[in-house]
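Atoms within a ligand are numbered from 1 in the order they appear, just like the ligands themselves. All figures in this text were calculated on a predicted structure; none of them were measured in a lab.
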Amino acid sequence: MALTDASRPTDITMLTDLYELTMAQGFWENGKQDEQACFTAFYRDHPFGSEYAVMCGSAELADLVENFRFTDEDISYLASLSAPAGGSLFSPSFLNYLRDFRPHVDIDAVPEGELVFPREPMVRVSGSMFECQLLETALLNTIGFETLVATKTARVVAAAKGRPVAEFGLRRAQGPDGGMAVARASYVAGCASTSNVLAGRKYGIPVSGTHAHSWVMTFDSELEAFRAFASSSPKNCTLLIDTYDVREGVENAIVVAKEMEARGERLAGIRIDSGDLAKLSAYVRNRFDEEGLDYVKIVVSNDLDEYTIQSLLNQGAPVDSFGVGTKLATCYDQPALGCVYKLAAHRASADDPWTPVLKLSEQPYKRTIPGIQKVRRYVDETGSPVCDMIYDESYIEGDGTTLVAVNDAALVTSVRDLSYHELLQPVVRDGAAAAPRESIEAARARCKDALDALDPVYKRFLYPQSYMVGMERGLARVRDELVRERMAASSSAIPWKRI
Ligand SMILES: Nc1ncnc2c1ncn2[C@@H]1O[C@H](COP(=O)(O)OP(=O)(O)OP(=O)(O)O)[C@@H](O)[C@H]1O
Ligand SMILES: O=P(O)(O)OC[C@H]1O[C@H](OP(=O)(O)OP(=O)(O)O)[C@H](O)[C@@H]1O
Ligand SMILES: O=C(O)c1cccnc1
């Protein structure tokens with residue numbers, strides 16, 4: 001999607017899969033457009049092998065709903081579509097209905113920066129079946145990618161152990177909108193800055209940068225190039241010293257640093273973008289220190305990710321900050337979170353009680369969780385998360401403190417002595433933002449606090465411990481009954497049913 005008006009598109013009514021619209025027409029024609037539904041969005045599998053994910057994109061949902069309307073141009077386009085077997089895809093009367101349609105949904109979501117775990121609701125949408133279904137694609141597109149990038153970033157930032165990480169990914173991101181989402185989500189999850197100027201302007205993210213190899217190559221000598229850069233950017237001078245040879249580059253940078261000192265200025269740093277970054281950074285640090293230039297910072301870049309950064313620091317590389325592009329912006333090792341949006345309850349009208357529903361699968365781990373789900377995060381006396389409980393207020397059993405693991409009914413624990421907080425917060429009520437949009441700084445602070453509070457056993461890269469997400473026993477029972485009913489009603493070949 002090309003950017004218009006120098007920002008991410010908020011008019012995303014038509015940014016949807018065709019089937020959402022054909023289903024909407026079907027609901028409308030069958031008089032079902034006002035039937036009520038409740039959907040939950042969640043992910044199933046650990047991204048990058050990470051035990052947790054960092055929620056991101058939920059702050060954009062109110063904009064999505066408030067801007068949801070079909071323009072005359074949209075309607076004309078839909079009217080022009082033909083069905084494969086002939087005739088129009090959409091009827092004039094349905095398109096007429098769409099013309100004045102505005103969603104009146106309620107949305108509750110996990111706030112940005114908070115941690116989320118597999119299978120628990122990240123977002124819950126309730127309203128008419130018609131409007132809930134129409135929001136599916138754009139909602140998943142928004143939260144899935146930003147959550148994925150935020151999660152990757154959290155890992156990269158953790159590996160850097162407090163050293164600033166600059167996001168340099170715009171040139172390698174998945175299109176202009178991808179680049180904007182990357183800048184935003186990576187700042188929420190702990191990057192110190194972005195090279196993306198539009199994101200800086202739009203989101204108020206700090207921008208930072210050095211210079212390219214081409215700068216050095218346009219001058220007759222590297223020394224001349226460094227001098228020219230120092231004189232044009234004396235207050236923002238980080239020199240890229242690897243265009244030809246880092247050992248020569250550092251000597252030229254030392255000359256320029258001393259000339260800057262004589263003018264009362266300071267060389268901020270140097271960047272190394274190729275070669276053995278551990279060996280070269282150690283060499284360069286030593287040379288600067290020998291020359292009394294211990295304040296000059298060392299920045300490294302070149303296809304970095306959490307593993308290369310961790311390795312460099314394990315080798316004792318004296319690096320002060322990292323520039324990370326391709327592998328962060330493209331979420332190189334896992335390009336999609338696999339977020340899904342599933343119907344969890346429905347009712348004929350707003351005056352009727354909800355009926356919980358679930359989707360079966362031959363793979364038990366893909367069975368959905370029914371009900372009007374909420375989530376509680378239970379924490380120990382230090383505030384560190386211990387487990388999460390998915391529950392439906394209508395089915396709580398006893399004092400509601402028995403937790404049953406999502407995929408193993410035999411795993412049961414009590415949360416009676418733990419304190420908790422609710423994860424889902426109101427985002428949209430009756431189609432309008434439920435609260436003023438929070439600042440990106442607030443989301444970033446929440447992310448830092450959440451990651452600091454999480455036990456390191458869940459954060460390690462290799463074989464992190466499993467964090468327990470379970471259902472309150474009443475909800476687990478409802479789910480179990482629904483599975484049995486559904487399977488009894490089904491004549492199909494779910495293999496183990498016949499044994
Ligand atoms: N000491 C190191 N330990 C671990 N990984 C490193 C180390 N030094 C560099 N790397 C990483 O190894 C990968 C390849 O580096 P390499 O030396 O091949 O650079 P390069 O790709 O030849 O440089 P360029 O192509 O940009 O000139 C990069 O991802 C880099 O970040
Ligand atoms: O390596 P990344 O994590 O993607 O970081 C961004 C890269 O972008 C620039 O490279 P450039 O576009 O000049 O190409 P290069 O890979 O040849 O250096 C910069 O010098 C980094 O190497
Ligand atoms: O400012 C930089 O050094 C930079 C920006 C984008 C990509 N690579 C490097």
Would you mind checking which non-hydrogen protein atom is closest to atom 1 (N) of ligand 1, with the distance to 0.1 Å? Asp276 OD1, 2.8 Å
As an exercise, identify every atom of ligand 1 less than 4.0 angstrom from a heavy atom of Asp303. 29 (O)
Specify the protein heavy atom at minimum distance from atom 4 (C) of ligand 1: its residue, its atom name, and the distance to 0.1 Å. Ser311 OG, 3.6 Å
Between Asp273 and ligand 2, which residue portion shows a heavy-atom distance shorter than 4.0 Å: side chain, backbone, both, or neither? side chain
Any nitrogen or oxygen of Gly325, main chain or side chain, under 3.5 Å from a nitrogen or oxygen of ligand 2? yes
Put together the list of close N/O pairs, under 3.5 Å, between ligand 3 and the protein, could you?
unit_1	atom_1	unit_2	atom_2	d
ligand 3	1 (O)	Thr210	N	2.8
ligand 3	3 (O)	Thr210	N	3.4
ligand 3	3 (O)	Thr210	OG1	2.4
ligand 3	3 (O)	Arg271	NE	3.3
ligand 3	3 (O)	Arg271	NH2	3.3

shortest atom 9 (C) of ligand 1-to-protein heavy-atom contact is with Gly275 O, 3.2 Å
Is the backbone N or O of Val207 less than 3.5 Å from a side-chain atom of Thr194, with the two atoms forming a donor-acceptor pair by type? no
How close does the nearest protein non-hydrogen atom get to atom 31 (O) of ligand 1, and which residue and atom is it? Asn302 O, 2.6 Å
Looking at Lys374 and Glu422, is any side-chain nitrogen of the basic one under 4.0 Å from a carboxylate oxygen of the acidic one? no
May I ask you to identify the nearest protein heavy atom to atom 5 (N) of ligand 1, giving residue, atom name and distance to one decimal place in Å? Thr308 CG2, 4.0 Å
Test item: protein heavy atom less than 4.0 Å from atom 17 (O) of ligand 2: no
Give the residue and atom name of whichever protein heavy atom lies nearest to atom 4 (O) of ligand 2, and the separation in Å to one decimal. Thr326 OG1, 2.5 Å
Between Thr142 and Gly57, which heavy-atom pair has the shortest distance, and what is it? CG2-O, 3.6 Å
Distance under 6.0 Å and angle within 45° of ring axis: Arg247 vs Tyr283: yes
Check this for me, if you would: do Arg287 and Glu251 make a salt bridge, where the nitrogen-to-carboxylate-oxygen distance has to be below 4.0 angstrom? yes
Hey, what's the ring geometry for Phe226 with His211, parallel, tilted or perpendicular (30° and 60° as the breaks)? tilted
Need the ligand 2 atom indices (1-based, order shown) with element for anything under 4.0 Å from a heavy-atom of Asn302. 1 (O)
Any donor-acceptor pair under 3.5 Å linking the side chain of Tyr43 with the backbone of Val116? yes
Applying a 4.0 Å heavy-atom criterion (strictly less than), which segment of Arg171 is in contact with ligand 2: side chain, backbone, both, or neither? side chain
Should the heavy atoms of other residues, nucleotides or ligands under 6.0 Å from CZ of Phe461 be counted, would the total exceed 12? yes
Looking at atom 18 (O) of ligand 1, tell me if a protein heavy atom falls under 4.0 Å from it. no
Could you tell me if Arg266 sits above the aromatic ring of Tyr295, with its cationic atom closer than 6.0 Å to the ring centre and no more than 45 degrees from the axis? yes
Have a look at ligand 2 and work out which part of His211, if any, has a heavy atom under 4.0 Å from it: side chain, backbone, both or neither. neither
Inspect the surroundings of OH in Tyr307 and state if more than 12 heavy atoms from other residues, nucleotides or ligands are less than 6.0 Å away. yes
What residue and atom, counting heavy atoms only, is the protein's closest point to atom 7 (C) of ligand 2, and at what distance? Arg172 NH1, 4.0 Å
Around atom CG of Asp452, are there more than 12 heavy atoms of other residues, nucleotides or ligands at under 6.0 Å? yes
Would you say atom 25 (O) of ligand 1 makes contact with the protein, given that contact here means a non-hydrogen protein atom less than 4.0 Å away? no
Quick one: nearest non-hydrogen protein atom to atom 1 (O) of ligand 2, plus distance? Asp303 N, 2.7 Å
Tell me whether Lys152 is salt-bridged to Glu306, with the criterion being a basic N under 4.0 Å from an acidic carboxylate O. yes
If you scan protein heavy atoms around atom 6 (C) of ligand 1, the nearest is Leu312 CD2, 4.3 Å
Would you call Arg460 and Asp455 a salt bridge, using N to O less than 4.0 angstrom? no
Just to be sure I read this right, does ligand 1 sit under 4.0 Å from the backbone of Gln315, its side chain, both, or neither, counting only heavy atoms? side chain
Which of parallel (below 30°), tilted (30 to 60°) and perpendicular (above 60°) describes Tyr378 and Tyr420? tilted
At what distance is the nearest protein heavy atom to atom 27 (O) of ligand 1, and which residue and atom is it? Ser274 CB, 3.4 Å
Between Asp320 and Arg285, does any NZ, NE, NH1 or NH2 come within less than 4.0 Å of an OD or OE carboxylate oxygen? yes
Sidechain N-carboxylate O distance under 4.0 Å for Asp63, Arg437: yes
Give me the nearest non-hydrogen protein atom to atom 19 (C) of ligand 2 as residue plus atom name, then the distance to 0.1 Å. Arg271 NH1, 3.5 Å
Among all protein heavy atoms, pick out the one at the shortest distance from atom 8 (N) of ligand 1; state its residue, atom name and that distance to 0.1 Å. Leu277 N, 2.9 Å
Ligand 2 to Lys327 polar contact by distance, N or O atoms, under 3.5 Å: no
